[in-house]
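Got a structure here, written out as C-alpha cells. Questions coming.
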Amino acid sequence: MSFEENIRKVVPYTPGEQPQRKVIKLNTNECPYAPSPKVFNALEKFDASFLRKYPDPACTGLVNAIADYYGRDPEEVFVGVGSDDVLSMCFLTFFAGKKPVIFPNITYSFYEVWADVYRIPYKTIPLKENFDLDENDYFIENGGVVIANPNAPTGVAEPLEKIEKIVKENQDSIVIVDEAYIDFGGETALPLIDKYENIIITRTMSKSRAMAGMRIGYAFGPKKLIKYLNDVKFSVNSYTMNMPALIAGEEAVLDKEYFEEIRDKVVATRERSKTELKRLGFSFRDSMTNFIFAKHEKASAKMIFEKLKENDIYVRYFNKPVINEYLRISIGTDEEMDELFKVLEKILAEI
Ligand SMILES: *Cc1c(COP(=O)(O)O)cnc(C)c1O
C-alpha cells in the first residue's frame, strides 16, 4: 500500500491569470474602479495592535450592515471569504445526500470542482444552444440544484419566474442561486426567501463593489438554512474573516451612493462596448453582467486571445467543448475598452 491511496485527489479550479506587471486586465471580471473612499479611510484608521486578538467569529458588524442594507434579518445572512468560500460551505452543508446535484453544463466551473473535492455526485444539464436555460430540465430527482443568475460565462440573465419554478418544483432539495453579477442587471431571487424554505442566494463584493482583493462574499437564506451553514463553518474554521476585511466590508456595503456611481459607469461602458463589438464582427447574447461573452464571425477565439495577450490585453479564453469559440471580455474603463477596440481592429484587419 502506498500513501497515495489515502490522499484526496482533485483536479483544481484554474483561476484567470493575475499578471504582476501592468496590463489591460479584462480577464477576471474585476471592477476597473477603486473601492469606496470610505474603505480607504477605514483601513487607514485601522489600529494594527488589534490584530493580536481573534476577530469576531460571528462577523456581527458586517452581517448587520448587509442585513440593514438589504432590509433583511441578520439571522438570514451568512458571510465568508469571497463567495467562493460561501459557495464551498454551501456545497459542504446542503449537498450531503446521495442523489446527484444538478447544474448547467456551461456555468461557473468551480461548481464541479467543489462537487469533486467533497465527493458529491453531480450531473450537468446542457443549456439550449443559445445558452438559455430550460427550467423543465430541472424537474428531475436530484440532491440539490445550483444556478448562476445571471450566468457566467454566458452573461445571460434568466427571468425570476424561471428561477421560482425551479425552487418550487424542488422543495426536497436546496436550490443555490449564485447572484455574483446581479447588481449589473437581471432580477434578484431575494424575495423568494420569504416564500420558500429551500433557497440560498449567494453574492460577492468582488465584482460590483470593487473588493476582489479583500475576499468578501455573503449569502441570504431562511434562518434555518443560515443556521446550518454557520454550524458547518464553526466546524471547519470559526475565524474565516479577518479584521480588516470585516471593517472594510461594512464600509463598502453601506456606501450606496459610490456603489451606484461605479456600477452605473460599468453598465454604461458595457452598453457602448456591445455596439463596438458588433461593429467589429462579434456576436453575443445580451449581457446583464460586467463582461461580454462573444464569438467572432471569422477569426478564431484562441487566435484573438493570443494576439491580444501579445499586446498586453488579457481576456479570458476557455479551451473547452461548446465554448471554445468564445472570449469572455470583462468591462474595463472607457479608455481600456477603447484600446481593446483599437487593437482588435488591427488584429482583425490582418486575417
Ligand atoms: C466571481 C464569481 C464568484 C466568486 O467570487 P468571489 O471573488 O469568490 O466572491 C462566484 N460565482 C460566480 C459566478 C463568479 O463569477
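As the structure lists them, so they are numbered: ligands from 1, and atoms in each ligand from 1.
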Go through the side-chain N and O atoms of Y69 and K256 and say whether any donor and acceptor fall under 3.5 Å apart.
no
Can you tell me which residue among F131, F284, Y317, F291 is in a ring pair (Phe, Tyr, Trp, His ring centres under 6.0 Å) with Y326?
F131
Quick one: does ligand 1 sit under 4.0 Å from the side chain of Y181, the backbone, both or neither, non-hydrogen atoms only?
side chain
For atom 8 (O) of ligand 1, which candidate among K207, R215, R328 holds the nearest heavy atom?
R215
Cation-aromatic face contact R285/F293, 6.0 Å, 45 degrees:
no
Answer with side chain, backbone, both or neither: which part of S206 has a heavy atom less than 4.0 angstrom from an atom of ligand 1?
side chain
Within the 4.0 Å heavy-atom shell around T204, which atoms of ligand 1 are there?
5 (O), 6 (P), 7 (O), 9 (O)
Option of least heavy-atom distance to atom 6 (P) of ligand 1 (set: S88, S83, G80):
S83
Would you find more than 12 non-hydrogen atoms of other residues, nucleotides or ligands less than 6.0 Å from E271 atom CD?
yes
Taking atom 11 (N) of ligand 1 as the reference point, the nearest protein heavy atom with its distance
D178 OD2, 2.7 Å
For the rings on W114 and Y118, is their centre-to-centre separation under 6.0 Å?
no
Which of the numbered atoms in ligand 1 are below 4.0 angstrom from a heavy atom of G82?
8 (O), 9 (O)
Nearest non-hydrogen partners of D137 and P126, listed with the distance:
OD2-O, 3.9 Å
